[in-house]
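So that we are looking at the same thing, I have put the structure below in structure tokens.
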Amino acid sequence: MAAPSTLHADPPRPYASDSDGQTAAPNLPGETTTNDNGSSAKWDKAGGSSSSSPSSNNGSPGRSFLRVFSYTDRLGWCMNGVALFCMIASGSLLPLMDVVFGRFVTVFNNYIVGTISADEFRENLNYYTLFFVYLFIAKFVFVYIWTTLLAANAIRTTRALRIDFVKHTLRQEIAFFDSAEGGSVSGHVTTNCNLVNQGISEKLGLAIEAMSTFAAAFVVAFIVQWKLTLITAGIVPAIVIAACIGMIIDTQQENRIMTINSRAGRLAEEIFASMRTVHAFWAFPKLARNYEAVLDEARAVGMKKGPNMAFLFCSEFFCVYSGYALAFWQGIRMYQSGEISEPGKIITVIFAVLLAATALTQIAPQTVVISKAASAADQLFNIIDRESKIDALSDEGARPDELRGDIEFRNVVFAYPLRPNVPVLKGLDLSMPANKTTAIVGASGSGKSTVVGLIERWFTPLGGAVTLDGRSIDEYNLRWLRTNIRLVQQEPVMFNGTIFENVANGLSGTKLEDLDDEQKLKLVEDACRAAYAHEFIERLSEGYHTPIGERGAMLSGGQKQRLAIARSVISDPRVLLLDEATSALDPTAEHVVQKALNNVAAGRTMVVIAHRLSTVRTADNIVVMGAAGAGVVEQGTHAELIARGGAYARLVLAQDLGEDRRDSDGDDEFADAEKDGQAPGGTGHGDVDEAAPAQAVEVAAATAGIAAATATSATVLSLAGEDAKSHGLNLLKCLYIIVLEQRGLWLVFGVFLLACIVGGATYPALAILFSRTLDTFTLTGDAMTERGDFFSLMFFVVALGNLVAYAALGYWCNTIAQDIVKSYRLEIFNSVLRQPMAFFDRPENKTGALVSHLASEPQRLQELLSFNLGLLVIIAINLVSSCVLAIVVGWKLGVVLVFGALPPLVLSGYLRIRLDFKLDADTAARFADSTALAAEAVMAVRTVASLALERVVIARYEARLRDIAAKSLGSLGWTMFWYALSQSISLLAMGLGFWYGGRLVSFGEYTMTQFYTIFIAVIFSGQAAATFFTYSTSITQAQHAANYIFRLRASVPPDNRDDCPPEGSSEKKDEAGVSLECRGLEFAYPQRPHAKVLKGVSVNITPGQFVAFVGASGCGKTTMVNLLERFYDPSAGTVMCDGVDFQTVHAGQYRREIALVQQEPVLYQGSVRDNIALGVDSTKPVSDEAILAACRQANIDAFVASLPDGLATPCGAQGLQFSGGQRQRIAIARALVRRPRLLLLDEATSSLDTESERVVQAALDAAAKGGDGQQRHTTVAVAHRLSTIKAADRIFVFSHGSVVEAGFHDELLAARGVYYNMCLG
């Protein structure tokens, strides 16, 4: 799939590529160095960070926010233009209502003093009432247009921003991803982009509408009476200054919080991608503490926002209510002196200016959202603007028509950017001739994989040069280079999608990528045949179009490795790099694949890194590299190196691969088999039959495993989707649960409620004060002045009360928000960790989607439970108290308004919330899917880079986002209809009150004071109800988030809730190993129960035995390990552990006795010490002595000691600062430090070099036999290298999901069955 041409050019933005790459480098967080200049130079030259870190961006959040609009296209600007006009028009309507109300006050006053008759009064009443109807229609139309257009365009704009962010993330060099600089991509494209979306949609519209109201109100006021307007306007600068100061401080604090949250997101991303390790070591509490430590940092910064929030809100409301006092005090005097002729003018000016001031207070909540959006945009643009040192999307560089494939290293010096003082290569000189196979062997950590990284240009050497065909490798176009050099990595990574799509990824960047799917399929099939994968694929139900799950989770390690080989050879590259390419294959498969690789090696340059020396003995040149950067120790052909008797010969001797040596007593039998004409791995029935059994076994396992990706992909919804369908608990119930759970905040909630009562009761109090003040205009002389002074003082008292109330509200709302967001972000993290393994097999629970929920759901709760909740409670109190006041003062008018006008308003708002809820869930689901794609690409960025897949990933990401705006538009139109109605219908309510109340006064049923009290109370309650529904998005999202959290919590199995599982009996602790008895085990993956992986497996393992499971890739060996770890429960049959059914034992208690070493080892951010200590129970401290003892057993102690910080050395993201062998040994140390009674080894030594494997295998054997004073434990090993399990007490041979042979090594050889043929392979 080719990326669209538009992806090759940047969108309009200030970005320039650094062609020479000479930019300053930052200091790394936590980096220690003895030579500042040297460290800086090393980091810079090694392809490290080339620009400032996110915390030191030269831009500002304000500029970043404005820059977001550069992603708007021409149609978007047209939509924004129309929306802007409608916002301004909508905001101008309320000041016009003040004009109508002011005119009516004059008419009312004339009627009271007898200037006009009752009939004339009713005639004027009817006339002015029509204006409310006109205003309602205009308000509805304008609000509907701007909300719909702005929301739709915000989605379109943030879609373009997301695409550009992912594009510029993928163009960064590998060192960027190894450091903490980039943060979590899922967090950026979810939380930050969502914040930007909020900031440029409805919230921005409300802010502009409020500013329009502000401007229009002043225009009206100045026209009516300029002098009083000028005096009253003194409150405006005070509000503006307070708002600006508060917003600047808040934006800075938000920036710091987002940087910390980005780190938390990246940590979660790593952990969610390796849940088997988390469950195996019951690492829930330890990892949760690590995550909580980062959250505590964010909370500490967030708590500093309290004083700023208190100042921001109390100053604004104090100024508004003080403005009422000033306006009436001055207005009464000007009326008495005759400077103002009509009382209606005073009311118009006062209401207009105070409406302007109130509009500013309406801006405040929006500015908080906009400031968060600005900070989020700033975070995004830090990465977008970061100039990549090795730009994968650059079009610069040479693209020769022909490539011979001569590779040379000339005095190459290199150290990894995060460990600049630990040189990996020290003046390496190495030649890899064209059309020859060069094999590189040596100890783990000797720099073999580093050579591959430098050839791939993942890094740049610190000194010397790497040349290709005599030309420096950095002179070539990077995409051209990587499409002509293909790599098969030690730990192959597949992407979510079908087998066809994954193998066809190998065509990216070549001339063949534009072929149609039919032609591509033929190439895919040919490549899969060459990689010995075609047979098992063909027997899958959907063949090459079978989905394989996230990271190929539904395939065995051997199957993934063969697909990776097919993906690399499909484009017929001139140079092929194989980094332990066959390490995950069983002997039969390895034999055939190795022959295929030897065939494809003809006519191309091959660089092979291998620990299994049998795979490189036919190489044209074998290079032996020494440890600790010693460089090339010796080189030559296999025969030459054996003859020398040097380092290579010793390695060969260790693997028993000499010309005349044999591994076992079955040597003669091997020879006999060959004489009889049996093919290696066969049974005497020819080559056709040879492959069938192994492939049939794989088909059974793969078909079942793939169920997780295919079973219900069209119908299964995520938790978010389920919430959207069932709506779950309502908001009040959710808030009730949250308040009950947050016992530590009960006192704070009490203060919060008290402040809200003061704030809400202010409105009916103002209605009473207004009505009494308007009576003042009927007085004369000093009586008018004295009464005016008194009520002006009362307004000031109200202002002082609100000063205190809103200060408390701002401060304690922030406290609630910070505690809530930390508490529930940690809970989501904890709940995800503790889900059963089947939860992670479901396609909607991909790593990216889970991290997306982790980032967004607590943020949504925080948005509501911050100041918004306070405002909503104030609105509710205002609504209720104003309605009660209206009914008490005059029941006729009160009942008509409360039960006639408010229900339609509430109903329209409620419908808007329900529709918004569905729209939010649908949009979140669409974005979560695309987020998962981006996160998956970044987690496997080395694979993406080696395949030059950056443009393909961007194109796929863009395709997934393309229809989001169009699909949302239909829902938006209907949702915003009800929203516009909720915002405008209050004008009809006012018109009704105006008309009916006036008639009651004209017939003498109500006094003027009664009417004013009721009418102003209704105005406040109507505006309050309308304002309430401006928060409907926050309400919707918070309800969605709370339900997600509660559902996630409820789905955690009871056993997994315990941080400290119950202790086993003391007798069992003193026993050696566990006894295991599997009786008639059958198993099928939960989402496809009819495809059995295990069929009646019965295995008996006595305490202290060393047992091996062997068989072809995909025959169910790893599934057995999964069952023994209790990742799944068997579909039928039982597993008896020490005579007890293991399903009756607490899962944590059971796993405490077990340690697991997986085929693809997983390390986390943190030090070497932290990663090894992860294997120890969280309640038991572990000493450095115990950790070092485990390191010695795993043969990693010398390497750890060579590191500058020893055990404190950071492992980096995913442990990628270390080689595969080093990671494997650390994982083995993590298992051994646990002192398990049952040790599960799933290809535990597959990534080790010969010497390390020999030492580690000896340590594992010794541990199994109870050496070094240790008790003997039970060991179950899954292995493809049969030499590692020769000494096993019992070997179980699996085929077709069943045990077909069992016995010890010599016994099985003598039987000349399946195991015998595997040995021949």
Side-chain angles (χ1 to χ4, degrees), residues 21 25-50 172-182 270 388-390 409 412-428 440 442-464 466 473-474 487 489-491 579 609 625 627-631 941-942 945-946 1163-1168 1171 1196 1199-1226 1247:
N27 292 324
L28 287 176
E31 178 179 314
T32 56
T33 175
T34 56
N35 184 331
D36 291 339
N37 293 332
S39 297
S40 176
K42 286 177 180 178
W43 170 244
D44 185 57
K45 291 181 71 177
S49 177
S50 60
Q172 302 302 322
E173 71 276 6
I174 297 298
F176 169 82
F177 299 97
D178 291 344
S179 71
E181 185 180 353
E270 287 185 18
S388 175
K389 202 61 174 290
I390 306 174
F409 279 60
V412 171
V413 178
F414 180 75
Y416 284 98
L418 294 185
R419 296 203 306 274
N421 295 326
V422 183
V424 180
L425 301 178
K426 304 174 184 176
L428 176 66
I440 305 175
S444 293
S446 61
K448 304 185 300 297
S449 294
T450 302
V451 169
V452 169
L454 293 176
I455 294 174
E456 282 279 349
R457 277 201 69 198
W458 291 346
F459 304 96
T460 303
L462 300 176
V466 180
I473 205 166
D474 57 10
L487 167 66
Q489 292 175 268
Q490 187 172 351
E491 296 169 13
D579 188 356
I609 293 173
M625 296 187 68
V941 69
R942 281 170 167 78
S946 67
L1163 301 184
Y1164 300 109
Q1165 289 181 40
S1167 65
V1168 174
N1171 273 277
I1196 193 71
F1199 169 72
V1200 171
S1202 71
L1203 297 171
D1205 297 320
L1207 289 173
T1209 303
C1211 296
Q1214 304 175 60
L1216 291 175
Q1217 294 304 304
F1218 301 129
S1219 70
Q1222 290 161 350
R1223 292 198 300 273
Q1224 189 87 300
R1225 283 181 283 168
I1226 292 173
S1247 296

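All values reported here derive from a predicted model rather than from experimental measurement. We're numbering straight along the sequence, starting at 1.
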Side-chain heavy atoms of Trp458 within contact of Ile390, under 4.5 Å:
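Result no, sub-4.5 Å side-chain heavy-atom pair not found.
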
Side chain proximity check, Gln1222 to Leu1163, heavy atoms < 4.5 angstrom:
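They are not in contact (no side-chain heavy atoms under 4.5 Å apart), so the answer is no.
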
So, does Lys448 use its side chain to make a donor-acceptor pair with the main chain of Met625 at under 3.5 Å?
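A pair under 3.5 Å: no.
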
Should Ile174 and Glu456 be marked as a side-chain contact (heavy atoms from CB on, under 4.5 Å) after you check the CA-CA gap, both sets of side-chain angles, and the distance that decides it?
CA-CA 11 Å; Ile174 297 298; Glu456 282 279 349; over 6 Å; no

As an exercise, state the distance from OG of Ser1167 to CG of Asp1205, rounded to the nearest 0.5 Å.
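Between Ser1167 OG and Asp1205 CG, I get 10.0 Å after rounding to 0.5 Å.
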
Sub-4.5 Å side-chain heavy-atom contact between Pro461 and Leu454:
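They are in contact (side-chain heavy atoms under 4.5 Å apart), so the answer is yes.
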
How about Leu1207 and Val1200: do any of their side-chain heavy atoms sit closer than 4.5 Å?
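A side-chain contact under 4.5 Å exists here.
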
Can you find a pair of side-chain heavy atoms, one from Ile1196 and one from Val1168, that are under 4.5 Å apart?
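The answer is no; the side chains never approach within 4.5 Å.
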
Do the side chains of Thr450 and Tyr416 get nearer than 4.5 Å, heavy atoms only?
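The answer is yes; the side chains approach within 4.5 Å.
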
Verdict with reasoning, Phe176 to Val941, per side-chain contact (heavy atoms from CB on, under 4.5 Å):
CA-CA 11 Å; Phe176 169 82; Val941 69; over 6 Å; no

Might you point out which heavy atoms bring Asn1171 and Tyr1164 nearest each other, and give the distance in Å?
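Asn1171 and Tyr1164 have their closest heavy atoms at OD1-N, 2.8 Å.
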
Approximate separation, where rounding is to 0.5 Å, of Leu487 CG and Ser449 OG
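One finds 9.0 Å between CG of Leu487 and OG of Ser449.
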
Which atom names give the shortest non-hydrogen contact between Pro423 and Ala415, and what distance separates them?
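Heavy atoms only, the tightest pair is CA-CB, 3.9 Å.
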
Check step by step if side-chain contact (heavy atoms from CB on, under 4.5 Å) holds for Lys389 and Thr460.
CA-CA 9 Å; Lys389 202 61 174 290; Thr460 303; 5.5 Å; no

